[in-house]
Amino acid sequence: MTGRSWAEPYKIKMVEPLRMTTREHRNRAIVEAGFNTFLLRSDDVYIDLLTDSGTNAMSDRQWAGLMLGDEAYAGSVNFEHLESVVRKYYGFKHIIPTHQGRGAEHILSQICIKPDDSVPGNMYFTTTKFHQELAGARFVDVIIDEAHDPASNHPFKGNVDLCKLERLIESVGAERIPYLSLETNVNMAGGQPCSLENIRATCELCHQHGIRVFLDATRASENCYFIREREPEQEQRSIPEILLEICSYADGCTVSAKKDGIVNIGGFLAVNDDDIAEEARNLCVVYEGLHTYGGLAGRDMEAMAIGITESMDLDHQRARIGQVEYLGNKLAQAGIPIVHPIGGHAVFIDAAAFLPQIPREQFPAQTLVAAIYIDSGIRSMERGSVSAGRDHATGENVQSRLELVRLTLPRRVYTQAHMDVTVESVRAVYEQRDQLVGLRFTYEPQRLRFFQSRFAPIVGTSVFANFAFNDDQTVQQSNLVSRS
Ligand SMILES: *Cc1c(COP(=O)(O)O)cnc(C)c1O
């Protein structure tokens with residue numbers, strides 16, 4: 001099939017019309033949102049590349065599954081279906097459903113962590129680390145150095161550095177490490193996979209010291225696809241085969257099914273240990289709901305069971321990860337500086353290289369996010385000095401090594417044509433990059449400031465210098481919209 005055209009492995013049965021807006025409208029919308037795309041109304045967004053979390057398109061089977069919701073308070077048949085699917089593909093003995101990933105993280109952290117423990121992990125994830133710290137632990141990053149280097153082309157940037165892990169075990173003692181948190185296809189590293197070999201070696205080292213390993217298997221099936229593509233002797237194996245092997249090395253996992261699981265809400269905790277499972281069911285009842293629904297409707301569990309099954313399909317993963325690659329390659333071909341290798345769920349633009357004239361204190365990535373939105377209505381996310389926040393002790397802005405803009409692709413939602421439009425918009429902004437001016441805070445929240453902070457341009461009223469509000473700067477689709 002090499003050399004032949006490729007198409008999405010599905011056809012469209014139901015459509016959700018997109019709202020086209022004028023440039024004038026978007027200029028007003030981004031000013032009202034304080035130049036923060038998190039504060040935009042989704043109505044004002046054309047192509048939404050903010051996140052792949054819960055934004056996926058369900059299949060006809062999943063929608064049909066919703067009608068099979070068994071909304072009994074206890075012992076729902078949908079829970080049994082979910083349980084059998086998770087056992088089949090992940091291989092763990094006990095399954096506790098939760099309303100989403102952080103529900104599972106909360107329960108696991110509360111059970112396993114004692115105050116002053118250390119929990120190593122291959123880069124942090126916001127909610128995972130938060131729950132570990134809430135339970136009294138200190139998070140220790142043991143990912144390989146290449147993960148922090150946007151210029152490194154390492155094929156498995158999610159790998160654990162075994163030397164860092166050994167040093168931690170030596171310094172604090174294995175008894176102060178309740179478990180290692182091993183994330184597959186590491187989100188904060190840009191959707192970068194771990195190799196099967198590294199997962200095996202990491203779990204072996206932990207188990208030699210009596211340390212458990214819990215996977216954050218939120219993007220495990222996407223990781224399996226990369227193992228198949230990149231690791232020697234894995235190319236003939238199926239995603240379920242590789243996933244079962246990964247899980248066979250671990251003691252359990254937490255999952256946000258809003259990603260790989262192709263649903264809009266849901267998650268679970270899965271473990272082998274009977275005592276942990278017993279306690280997890282007890283805490284589930286307190287925080288989530290009865291242990292056979294965990295904060296979910298029966299229909300949600302049915303959609304999740306079907307979505308997990310669909311995520312094991314090679315054609316699905318090839319299209320999903322292939323779409324991210326398509327977008328990344330086209331941007332790179334257009335001369336846009338992006339992070340390599342291209343990850344599983346998003347393309348990251350290097351905003352510091354894109355806008356060298358804008359100093360870090362004027363937030364180049366936030367500026368670029370606003371400019372792309374103004375140009376085309378495409379919504380992306382800042383992952384740089386705004387997200388990095390301030391140092392608790394000194395109050396200074398944290399010097400983030402990476403100054404990135406994330407274009408995140410929801411699963412099965414957009415077509416290749418939407419990717420082309422996205423590339424054109426980024427390219428149009430790139431051609432005007434000399435005109436862009438940075439931002440300053442007008443409101444800065446204390447915690448997780450990227451969600452709610454507000455900005456204004458350093459000079460003028462727009463991130464595009466010399467901009468004046470008028471109606472003649474419109475993009476191609478703007479003539480379809482009557483201005484309000
Ligand atoms: C999204 C995510 C979580 C948290 O899951 P929620 O469903 O948002 O609570 C945890 N870990 C990773 C890697 C994630 O991407």
Side-chain angles (χ1 to χ4, degrees), residues 38 49-56 82 86 90 96-110 119-135 139 141-143 147 157-160 179-194 199 213-224 226 243 246-247 250 252-270 283-284 287-289 294-296 300-301 303-304 307-308 311 320-321 324 343-346 348 381 383 387 406 408-411 448 450-451:
F38 277 103
L49 306 183
L50 189 71
T51 174
D52 67 333
S53 178
T55 52
N56 309 298
L82 175 66
V86 174
Y90 296 79
I96 293 99
T98 57
H99 77 286
Q100 57 185 86
R102 67 198 69 183
E105 291 167 354
H106 174 217
I107 292 172
L108 181 70
S109 304
Q110 290 297 325
V119 177
N122 49 344
M123 205 173 266
Y124 78 100
F125 183 73
T126 50
T127 59
T128 320
K129 177 168 169 243
F130 188 89
H131 278 297
Q132 289 160 359
E133 289 174 347
L134 202 64
F139 172 82
D141 188 4
V142 293
I143 203 165
K157 274 180 162 178
N159 280 355
V160 169
Y179 61 89
L180 174 129
S181 181
L182 186 58
E183 186 182 335
T184 46
N185 243 38
V186 181
N187 186 347
M188 300 297 276
Q192 302 290 338
C194 311
I199 294 172
V213 178
F214 288 108
L215 303 169
D216 180 341
T218 293
R219 289 183 179 76
S221 59
E222 291 174 359
N223 198 122
C224 292
F226 281 119
L243 181 58
I246 291 175
C247 292
C253 68
T254 58
V255 165
S256 167
K258 300 171 70 172
K259 325 301 175 34
D260 262 14
I262 336 181
V263 287
N264 307 117
I265 195 74
F268 61 86
L269 168 66
L283 287 183
C284 184
Y287 293 109
E288 301 283 315
L296 296 164
D300 296 330
M301 292 190 285
M304 188 155 73
I308 289 169
S311 76
R320 190 287 183 278
I321 293 172
V324 179
H345 67 298
F348 289 78
M381 187 200 284
R383 276 279 113 124
S387 297
R406 190 177 89 174
T408 330
L409 300 190
R411 293 161 192 80
L448 295 178
F450 57 94
F451 281 127

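In this chain, residues are counted from 1 in sequence order. All ligand and atom numbering here is 1-based and tracks the order in the structure.
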On a heavy-atom basis, which atom in [X] and which in [Y] lie closest, and how many Å separate them?
X: His345; Y: Thr408; result: O-CG2, 3.4 Å
X: Pro120; Y: Phe139; result: C-CE1, 4.4 Å
X: Glu105; Y: Asp216; result: OE2-OD2, 3.9 Å
X: Ala104; Y: Phe268; result: CB-O, 3.5 Å
X: Asn56; Y: Lys259; result: ND2-O, 3.4 Å

Rounded to the nearest 0.5 Å, how far does CD of Gln192 lie from CG of Asn122?
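So the gap between those two atoms works out to 12.0 Å.
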Closest protein heavy atom to [atom], given as residue, atom name and distance to 0.1 Å:
atom: atom 11 (N) of ligand 1; answer: Asp216 OD2, 2.6 Å
atom: atom 10 (C) of ligand 1; answer: Glu105 OE2, 3.0 Å
atom: atom 5 (O) of ligand 1; answer: Ser256 CB, 3.2 Å
atom: atom 4 (C) of ligand 1; answer: Thr127 OG1, 3.4 Å
atom: atom 13 (C) of ligand 1; answer: Glu183 OE2, 3.1 Å
atom: atom 3 (C) of ligand 1; answer: Phe125 CE2, 3.3 Å

Does Arg219 come within less than 4.0 angstrom of ligand 1, counting non-hydrogen atoms of the residue?
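Contact check Arg219 vs ligand 1: positive.
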Where the side chain of Asn223 meets the backbone of Pro193, is there a donor-acceptor pair that is under 3.5 Å apart?
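Side chain of Asn223 to backbone of Pro193: no pair is present.
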Are any of the N/O atoms in [X] less than 3.5 Å from those in ligand 1?
X: Gly266; answer: no
X: Gln100; answer: yes
X: Lys258; answer: no
X: Lys259; answer: yes

Just let me know how Arg102 lines up against ligand 1, side chain, backbone, both or neither, with a heavy-atom cut-off below 4.0 Å.
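For Arg102, the contact with ligand 1 is made by both the backbone and the side chain.
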Within 45° of the ring axis of Phe450 and under 6.0 Å from its six-membered ring centre, is that where the NZ or CZ of Arg383 lies?
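Yes, Arg383 and Phe450 form such a contact.
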